[in-house]
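Residue numbers start from 1 in every chain, and the chains themselves are labelled A, B, ... in the order their sequence lines are given, proteins ahead of strands.
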There are 2 protein chains.
Amino acid sequence: MNFELPAQFAQFGDARKEGFLRVKRIKEAGGKVAGTFCTFTPQEILDAAGISPVSLCGMSEETIPAAEAHLPKNMCPLIKSSYGFAVSDKCPYTYFSDIIVGETTCDGKKKMYELLGQMKDVYLLHLPQGERETALENWTGEVKRFRRFLEDRFGQPIPDEAIREAARKRNRERQIRRRLMELQKNDPPVSTGYAIYKALEGAGFYFNVEEICQKLTELADSLEADYAAGKRPVSGSAKRILITGCPIGGVLEKTVKAIENAGGVVVCFENCSGIKATLDDVDAEAEDITAAVAEKYLKIGCAVMTPDDRRMDLLRRLIAEYRADGVVEIDLQACTTYGVESFSVKKLCEGQGVPYMAIETDYSQSDSGQLATRLEAFLEML
Amino acid sequence: MNFELPAQFAQFGDARKEGFLRVKRIKEAGGKVAGTFCTFTPQEILDAAGISPVSLCGMSEETIPAAEAHLPKNMCPLIKSSYGFAVSDKCPYTYFSDIIVGETTCDGKKKMYELLGQMKDVYLLHLPQGERETALENWTGEVKRFRRFLEDRFGQPIPDEAIREAARKRNRERQIRRRLMELQKNDPPVSTGYAIYKALEGAGFYFNVEEICQKLTELADSLEADYAAGKRPVSGSAKRILITGCPIGGVLEKTVKAIENAGGVVVCFENCSGIKATLDDVDAEAEDITAAVAEKYLKIGCAVMTPDDRRMDLLRRLIAEYRADGVVEIDLQACTTYGVESFSVKKLCEGQGVPYMAIETDYSQSDSGQLATRLEAFLEML
């Protein structure tokens, strides 16, 4: 398989590279930037406040040694990398952030934000611990508190209509992201999973929601047209893999690329940058628009929630819809919530009759060879 | 130092050994038992419901391999041990429990309870994520929900007066536990820390609160009388150590005993079985007694809370009150919340001018020698 990104995808790689300049321009034009870490962050509230959200999730091992001066070594590489970027002042996005928005998802992030808060201005959203009759009410209260905080902090009221408008735009973005991902339902799929992932990730760096929608629509149109014209960039014999688990931005090459190098193709990403967060829209016409925003985000099925039935239900559905031949769970080192939940995912896959494999990895390259071998063996077995 | 438990302490060791028989007798007499895991569990609600709480926290490595068939290896030994006891049916307390009460404290326990719930009847309390203006209201709601659950589950109303009476009794228990621990403020202290810890731990296995109070009062009276009569079981030159961090029941020998073997003496335990949970009483005369119970428990300073100012304030106070020469933090392997927080504890100790040492350990004996050497070096340095 060819791993140069096809021409249609190239601009998304550029978007990421140019992201720093875009943020700099936003700031120079008097704009505001909020660093975020999680798909639970209600983007519509930031949008409506005129603040551009930018993901600060660290994807490089370069800054981990700096983080380990303060944080335990035996900890999630994403958290260490992110904190390392902040503490070593190596991340322009962190540098440019007027505010950093954290959330009490996992223990590691929850506690890391305390240390980050000693360096930067951090606002913490308290996420419910799981499904509970009070969860939506509590989370709605948190989102409203966040809205009030931003109004006070930046001295500008956030009108309901601005949130509605942001919700309509973000709904369009989610819609086009879903459309792009759903093209992979084709057999064979329209693209490598690697290229799709890079596009989904890169699109975020346009910052402007309309631009994101336009670029992703062009890409989906072009892939669809090529496919209709008979182009088949992926072999029909490639085993169809569904990826689940932790955020994989920092381990993409040694997992997704390794799968596709070994003759598989990733047809679905049931994780943070993939389908999970784009699945539900905000009811932009709801009477209480802030509550509607809260409701959308609480529907995300994540292992930090107990129980996490939403993830299990979604997995069952996606395995069928994307006709997955195998499920690969990619968990980051020391991620307790996904680590414990992987036992349930394994049982779910057994119940569905789909082979399952779990990988636990970090941001180093030391296990690349071993992972490649294990993934090859898994694909051969399918 | 002599590590046979002094005569006054011996019965507490017996209490633990005989705990199984006591629980069996409770059950045979038609009583009910609730397995618990955490000091956040509101005991007064269980007491008032006529249910005897018993701690299920695993302290043995024996059951860890059984747990690792379902749980990640890289996880807290206390959680793995506890789960292993349940899954291998080796714990009579788990076996006898009519209900197991969990709480969403750390990620590991939160997610482990999901698997435990497939074997046993588990009720989960949702603890707030930290300090927040809504935290007490939410937690009070949880404690009330728990009360209603027990009423429905066991078909017996729990009268307010029963909770008040339970609170008065538990207040007396906390009071005598505090009194016993405060005897260690003497210079030299009245006992080894090891013996005090064993008494505090063993007392819980009498189950009957009045009996706990009576036995601990007798012990404190006797230690006080001996001290007044000039007995000094601990050398005046022993360095005074304050222990902080995770629950240490499973690592007591290779940490506390090692410290006291090396010529130190543990004067204070700022952890789950020590001072933390006994510090605050319930206002038994409060108008809303369930809310008063909730309020007491929410005051526990634990690393699962963000921020954890209560722990930091308490540490500062205890270091001064117990005139600690050094602080040893004992964290269990892969405990993210305490692991991250240890950086803040280290800084706090530096600010107080008290040497600090952090240990991360599990339930194996493989690091006993290394820990003994490190602890000796630390004590020599003081």
Side-chain angles (χ1 to χ4, degrees), chain A residues 68-76 79-80 83 102-115 117-118 124-135 137-138 141-142 145 303-309 312 331 333-344 346-347 358 360, chain B residues 68-76 79-80 83 102-115 117-118 124-135 137-138 141-142 145 303-309 312 331 333-344 346-347 358 360:
Chain A
E68 287 177 349
H70 298 175
L71 296 173
K73 281 192 170 37
N74 184 17
M75 199 179 169
C76 161
I79 298 174
K80 287 191 291 188
Y83 183 79
E103 18 36 55
T104 61
T105 45
C106 64
D107 286 344
K109 282 204 279 174
K110 179 161 111 173
K111 299 304 284 184
M112 178 271 278
Y113 293 135
E114 294 176 9
L115 301 183
Q118 292 169 19
L124 192 71
L125 286 151
H126 283 221
L127 196 69
Q129 301 269 14
E131 286 179 31
R132 198 61 147 194
E133 57 280 4
T134 48
E137 189 190 325
N138 286 343
E142 277 295 313
R145 186 186 194 272
V304 300
M305 292 291 177
T306 186
D308 188 16
D309 296 337
M312 299 301 154
D331 290 340
Q333 174 208 348
C335 177
T336 304
T337 59
Y338 277 95
V340 176
E341 206 162 282
S342 77
F343 182 66
S344 305
K346 186 182 172 209
K347 287 209 293 186
E360 190 187 338
Chain B
E68 288 176 348
H70 299 175
L71 296 173
K73 281 194 169 41
N74 184 18
M75 199 179 169
C76 161
I79 297 174
K80 287 191 291 188
Y83 183 79
E103 19 37 53
T104 60
T105 45
C106 64
D107 287 343
K109 282 205 280 172
K110 178 161 111 173
K111 298 304 283 184
M112 178 272 278
Y113 293 133
E114 293 176 10
L115 302 183
Q118 292 169 19
L124 191 71
L125 287 152
H126 283 221
L127 196 69
Q129 301 268 16
E131 286 179 31
R132 198 60 147 195
E133 57 280 3
T134 49
E137 189 190 326
N138 286 342
E142 277 295 313
R145 187 185 193 272
V304 300
M305 293 291 178
T306 187
D308 188 16
D309 294 339
M312 299 300 154
D331 289 339
Q333 174 206 348
C335 177
T336 304
T337 58
Y338 277 95
V340 176
E341 205 162 283
S342 78
F343 182 66
S344 305
K346 186 182 171 209
K347 286 209 292 186
E360 190 186 338

I'd like to check [X] versus [Y] (side-chain heavy atoms, cut-off strictly below 4.5 Å). Are they in contact?
X      : Y      : result
A/V340 : B/M75  : yes
B/D308 : A/K111 : yes
A/K347 : B/Q118 : yes

Side chain, backbone, both or neither: which part of [X] has a heavy atom under 4.5 Å from chain A?
X      : value
B/S342 : neither
B/L124 : both
B/D107 : both
B/E131 : backbone
B/E114 : side chain
B/A69  : backbone

Query - Options B/Q333, B/E137, B/M305, ranked by heavy-atom pairs under 4.5 Å with chain A, top entry - result: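 Most pairs with chain A among the choices: B/M305.
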[X] and [Y]: which non-hydrogen atoms are nearest, and at how many Å?
X      : Y      : result
A/S344 : B/L115 : OG-CD2, 3.7 Å
A/N74  : B/E360 : ND2-OE2, 4.4 Å
A/R132 : B/L125 : NH2-CA, 4.3 Å
B/T306 : A/K110 : CG2-CG, 3.6 Å

Query raised in the report: Given the options A/P128, A/A303, A/G117, A/C76, which has more heavy-atom pairs under 4.5 Å with chain B than any of the others?
Result: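 Most heavy-atom pairs within the cutoff with chain B belong to A/A303.
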Query raised in the report: How would you list, by chain and number, every residue that makes a ring-ring contact (aromatic ring centres under 6.0 Å, His included) with A/Y338, sequence neighbours excluded?
Result: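 Testing A/Y338 for ring-ring contact (aromatic ring centres under 6.0 Å, His included), a comparison that skips the adjacent residues, returns none.
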**Report entry** Counterpart residues, side chain to side chain contact (heavy atoms under 4.5 Å, CB included), relative to B/K73 (two or more places apart)
**Finding:**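 Once residues adjacent in sequence are excluded, the partners of B/K73 under the side chain to side chain contact (heavy atoms under 4.5 Å, CB included) criterion are B/E68.
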